[in-house]
Amino acid sequence: MTEKRQKTYSITDLSKEFDITTRTIRFYEDKGLISPAREGQRRIYSSRDRVRLRLIMRGKRLGFALSEIQELIDLYDTDRSEVMQLQVFLKRIQSRRDALSQQQQDITAMLSELETLEEQCSGLLKQKQR
DNA sequence: CTTCTTACA
DNA sequence: TGTAAGAA
């Protein structure tokens, strides 16, 4: 009596919910990130697919590559111990953080260079105007 | 009217 | 990823 009324969604339902186009959803499917059921040609998305899409969007926000997200998802439904899943996830987080830190340093360096260059230019201009 | 595939930008 | 085209 505890039927899990498996709610299903059309591709447009999900596209609206996540503010993405149906093209994007099919794109992710091509990449193997999601595998919705089919009713003939139509794609039928389960609540499980919906969760996956949610994970994909989160990964995207954090700047992870689709390939990285895919790996995490594959692990998620393969190794249920979740240990390996977390280990890989930690690595991803670390490398992402390293990359951002590097960018932050690069930006700081560039701002500094621009500042000195600006000073030199304005100084040179004042000389010529005298 | 909604979704699908395929091809091209 | 967006867009367009033709079929279902």
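Below, read A as the first sequence line, B as the second, and so on, with proteins coming before strands; counting in each chain starts at 1. Quick caveat, the model's predicted, so the values are computed rather than measured.
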Discussion item. For a 4.5 angstrom cut-off between non-hydrogen side-chain atoms, does A/Leu53 reach A/Phe18?
Written reply: yes
Can you find a heavy atom in the side chain of A/Ile56 that is under 4.5 Å from one in the side chain of A/Ile73? yes
>> Between A/Lys60 and A/Glu68 (salt bridge meaning N to carboxylate O under 4.0 Å), is one present in this structure?
In response: no
message: Looking at A/Arg38 and A/Glu29, is there a salt bridge between them, counting it only when a charged N and a carboxylate O are closer than 4.0 Å?
response: yes
Strictly under 3.5 Å: I want the nitrogen or oxygen pairs between protein and nucleotides 1-3 of chain B, one per line.
unit_1 : atom_1 : unit_2  : atom_2 : d
B/dT2  : O2     : A/Arg42 : NH2    : 3.1
B/dT3  : OP1    : A/Ser10 : OG     : 3.2
B/dT3  : OP1    : A/Thr12 : OG1    : 2.6
B/dT3  : OP2    : A/Thr12 : OG1    : 3.1
B/dT3  : O4'    : A/Arg42 : NH2    : 3.4

Applying side chain to side chain donor-acceptor pair (under 3.5 Å) to A/Asp13 and not counting sequence neighbours gives A/Ser10
Under a 3.5 Å distance rule, please check whether [X] uses its side chain to pair with a backbone N or O of [Y] as donor and acceptor.
{"X": "A/Asp30", "Y": "A/Phe27", "answer": "no"}
{"X": "A/Arg96", "Y": "A/Leu62", "answer": "yes"}
{"X": "A/Gln70", "Y": "A/Lys31", "answer": "yes"}

Nearest heavy-atom contact between A/Gln85 and A/Tyr76 is OE1-CD1, 3.0 Å
Side chains of residues 119-130 of chain A: which donor-acceptor partners sit under 3.5 Å, not counting sequence neighbours?
unit_1   : atom_1 : unit_2   : atom_2 : d
A/Ser122 : OG     : A/Glu118 : O      : 3.2
A/Ser122 : OG     : A/Glu119 : O      : 3.0

Point to revise | Pair A/Thr12-A/Ser15, side-chain donor/acceptor within less than 3.5 Å | key: no
* To do: Decide whether A/Asp98 and A/Ser95 meet the rule of one side-chain donor and one side-chain acceptor closer than 3.5 Å.
  => no
Output a table of nitrogen or oxygen pairs between the protein and nucleotides 7-9 of chain B separated by less than 3.5 Å.
none

Nt span of DNA chain C in reach of chain A heavy atoms at under 4.0 Å, 5' end first, is C/dT1 to C/dA8
Within residues 48-61 of chain A, the residues having a heavy atom closer than 4.0 Å to DNA chain B are none
